[in-house]
A.B. asks: 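I am attaching a structure below and will ask some questions about it afterwards.
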Protein chains: 2
Amino acid sequence: MAEEPKTNNVTSGRGVPSHAVSDERIRARNVLKILTAAVEVFSRKGLDGARIVEIAKASGLPKGNVYYYFSSKEEIYNATIDRLIHSWDEAFRHISADREPAEAIEAYVRAKLEHARGNAAETRLFANEILQGAEHLSLEAREHMRRVTAEKAGVLDGWAEARKIVRVDARHLFILLWSATQFYVEFEALACDALDVRQLRTADYDLAAKTITNTVLNGLLVRPE
Amino acid sequence: MAEEPKTNNVTSGRGVPSHAVSDERIRARNVLKILTAAVEVFSRKGLDGARIVEIAKASGLPKGNVYYYFSSKEEIYNATIDRLIHSWDEAFRHISADREPAEAIEAYVRAKLEHARGNAAETRLFANEILQGAEHLSLEAREHMRRVTAEKAGVLDGWAEARKIVRVDARHLFILLWSATQFYVEFEALACDALDVRQLRTADYDLAAKTITNTVLNGLLVRPE
DNA sequence: AAGGAAGTTGACAAGATGGTCAACTTTCTT
DNA sequence: AAGAAAGTTGACCATCTTGTCAACTTCCTT
């Protein structure tokens, strides 16, 4: 993701990378600066809409310096995408066979909401990428998402088998949960209008979690006694 | 949304617009061509990412002709946004106080899914606009959305009052329904991966509607007899 | 301390992009 | 039929944008 300029593997001595201490630090720090700025800019404008001067400005580095670490805008973009794929399924760990459905799903919804809120730019960038057709998502990344989804769908099927939940199409249910939780961050402007608030606060997220969890678990209809 | 070039209100005679028959037709037809192409391009690239040559090419008109009808890229963009606002709350009509909740919500979910599917480009464009901060949505449009949401929330509150549904925060519930239904179009690539299909077919949409409706109405948990 | 590697930077080139326009054709009105 | 209005078009321009680079500074190793 950032290489050519320096052949770091030229270890002068032998096994131990001779120097490369503050060396690596400068590189790591600047790459991080750039990627952080890039996520912010890309998340609002997408690949084609983003201008690298904007990224440079947001990172505090001159443009030339950005090109010292990355050889093109697309390379920066791909690097940002690569990074966020790793946290895509983080919240999914709550969906595990040895937990009770109600508790697991509530934990999942909360984790997903918190993650989205705490990583707003990344979440928006991911949404942007998918919205534009997911052409920059690697096949491995997509395959990974498919596998994880299938595995977690198995957990739901197990719960249904054990009569802990009703029969349901687990994949569509996941979509329901994903969309609902991510909405608050991706479409914050719309959520604010709908909730009639100027900005979303913790209380709003709490109520969101509660509403999603309760509704999905218990449904809306009044149960005849 | 497209004016200067011709002062159409120069009615030579009097009250009746003298000519303006195939006149208006050419204009209307070309404006439509441009807007249709623009929705498609903007929906994938956003305002800044879209290139007007692309819009021109997609519309079948040379670039110069596009500028005959619109004076800037932003004007085209605003025109596309204006158009789609009108259909935003179409499906909402199903949520009315004189219907039974179960039936109304099912109809709503189906209508919303169908609308999104049948107007994919518009749906994605709207998502794109909100994702980027909704800076091109007019205050009136947002105010309209707020009013309609509040009104329909009132319907849900009425149902709760009448013990037809449980107490729920209607606004968060609407968000749940919006997000779930739009997901299939906005994030189609992700939905395909999750469902392990190459493209979404009618059967997938049907199952989506069924899953959303059933889950939201009845919940997941098995009811103790 | 010295030499080389790593990092910095502003200036620059090549091409893309938004937008204009004058000359032209088609369509309408009378 | 003829003049005017509407519409068409390719060439053109100013600006923006991506990406390069040579000269420079800083840092590391020995």
Side-chain angles (χ1 to χ4, degrees), chain A residues 2-34 38 41-42 45-78, chain B residues 2-14 16-34 37-38 41-42 45-78:
Chain A
E3 49 293 296
E4 291 90 345
K6 255 327 99 271
T7 42
N8 278 334
N9 34 4
V10 177
T11 52
S12 55
R14 208 53 181 291
V16 185
S18 57
H19 47 76
V21 180
S22 96
D23 188 18
E24 289 295 355
R25 283 209 182 118
I26 289 173
R27 168 163 287 261
R29 174 166 46 84
N30 282 344
V31 166
L32 186 67
K33 271 186 195 170
I34 294 167
V41 176
F42 283 136
K45 304 294 189 73
L47 172 58
D48 295 299
R51 300 287 113 97
I52 52 128
V53 268
E54 265 192 273
I55 295 176
K57 213 174 292 175
S59 72
L61 266 40
K63 190 184 58 160
N65 208 352
V66 171
Y67 275 99
Y68 175 71
Y69 291 104
F70 295 92
S71 65
S72 71
K73 185 165 77 163
E74 216 174 316
E75 193 181 301
I76 304 180
Y77 187 79
N78 286 331
Chain B
E3 49 291 298
E4 290 90 347
K6 253 332 92 272
T7 42
N8 278 334
N9 34 3
V10 177
T11 51
S12 56
R14 207 59 179 289
V16 185
S18 56
H19 47 76
V21 180
S22 98
D23 188 17
E24 289 296 355
R25 282 208 182 120
I26 290 173
R27 167 164 288 262
R29 173 166 48 85
N30 283 344
V31 165
L32 186 66
K33 271 186 195 170
I34 294 167
V41 176
F42 282 136
K45 304 295 190 71
L47 173 58
D48 296 298
R51 299 288 112 97
I52 53 128
V53 268
E54 266 193 273
I55 295 175
K57 213 174 292 175
S59 72
L61 267 39
K63 191 181 61 157
N65 208 351
V66 171
Y67 275 99
Y68 176 71
Y69 291 105
F70 295 93
S71 64
S72 71
K73 184 164 78 160
E74 218 175 315
E75 192 181 301
I76 303 180
Y77 187 79
N78 286 331

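Naming convention: chains lettered A, B, ... in sequence-line order (proteins, then strands); numbering from 1 in each chain.
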A.B. asks: Kindly list each side-chain donor-acceptor pair under 3.5 angstrom involving residues 47-54 of chain A, sequence neighbours excluded, with atom names and distances?
C.D. replies:
{"residue": "A:D48", "atom": "OD2", "partner": "B:K45", "partner atom": "NZ", "Å": "3.4"}
{"residue": "A:R51", "atom": "NH2", "partner": "A:D48", "partner atom": "O", "Å": "3.0"}

A.B. asks: Which letters describe nucleotides 16-23 of chain D, given B = protein heavy atom under 4.0 Å from base, S = only from sugar-phosphate, - = neither?
C.D. replies: -SBBB---

A.B. asks: Whole Å only: how far is the CZ atom of A:R27 from the C1' atom of C:dT8?
C.D. replies: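 Result: 13 Å.
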
A.B. asks: In whole Å, I'd like the distance from the CD1 atom of A:I26 to the P atom of C:dT9.
C.D. replies: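 After rounding, the reported distance stands at 12 Å.
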
A.B. asks: Can you measure A:L61 atom CG to C:dG10 atom P for me and round it to whole angstrom units?
C.D. replies: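 After rounding, the reported distance stands at 11 Å.
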
A.B. asks: To the nearest angstrom, how far is B:I34 atom CD1 from D:dT9 atom C1'?
C.D. replies: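 Value for this atom pair: 14 Å.
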
A.B. asks: Round to the nearest Å and state the distance from B:Y77 atom OH to C:dG18 atom P.
C.D. replies: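 Interatomic distance, OH of B:Y77 to P of C:dG18: 15 Å.
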
A.B. asks: Side-chain polar contacts of residues 57-66 of chain B - donor-acceptor pairs under 3.5 angstrom, sequence neighbours left out - could you list them?
C.D. replies:
{"residue": "B:S59", "atom": "OG", "partner": "B:I55", "partner atom": "O", "Å": "3.3"}
{"residue": "B:S59", "atom": "OG", "partner": "B:A56", "partner atom": "O", "Å": "2.8"}
{"residue": "B:S59", "atom": "OG", "partner": "B:L61", "partner atom": "N", "Å": "3.3"}

A.B. asks: What is the distance, to the nearest angstrom, from the CG atom on B:N30 to the C1' atom on C:dT25?
C.D. replies: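 For the pair B:N30 CG and C:dT25 C1', the rounded distance is 15 Å.
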
A.B. asks: Given atom CZ of A:R25 and atom C1' of C:dG7, what is their separation to the nearest angstrom?
C.D. replies: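 Atom-to-atom, A:R25 to C:dG7, this comes out as 17 Å.
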
A.B. asks: Looking at every non-hydrogen atom in both residues, tell me the closest pair between B:E75 and B:Y69 and how far apart they are.
C.D. replies: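 Heavy atoms only, the tightest pair is OE2-O, 4.2 Å.
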
A.B. asks: Looking at CD1 of B:I34 and OH of B:Y67, how far apart are the two atoms once the value is rounded to the nearest 0.5 Å?
C.D. replies: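 Answer rounded to 0.5 Å: 11.0 Å.
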
A.B. asks: For A:K33, give me all partners under salt bridge (Lys or Arg N to Asp or Glu O under 4.0 Å), at least two apart in sequence or on another chain.
C.D. replies: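 Result, salt bridge (Lys or Arg N to Asp or Glu O under 4.0 Å) vs A:K33: none returned.
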
A.B. asks: Does D:dT8 have OP1 or OP2 sitting under 4.0 Å from an N or O in the side chain of B:Y68?
C.D. replies: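 Answer is no, no contact under 4.0 Å.
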
A.B. asks: May I ask you to test the A:K73-A:I76 pair for a side-chain heavy-atom distance under 4.5 Å?
C.D. replies: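 Side chain of A:K73 against side chain of A:I76, heavy atoms only: no contact under 4.5 Å found.
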
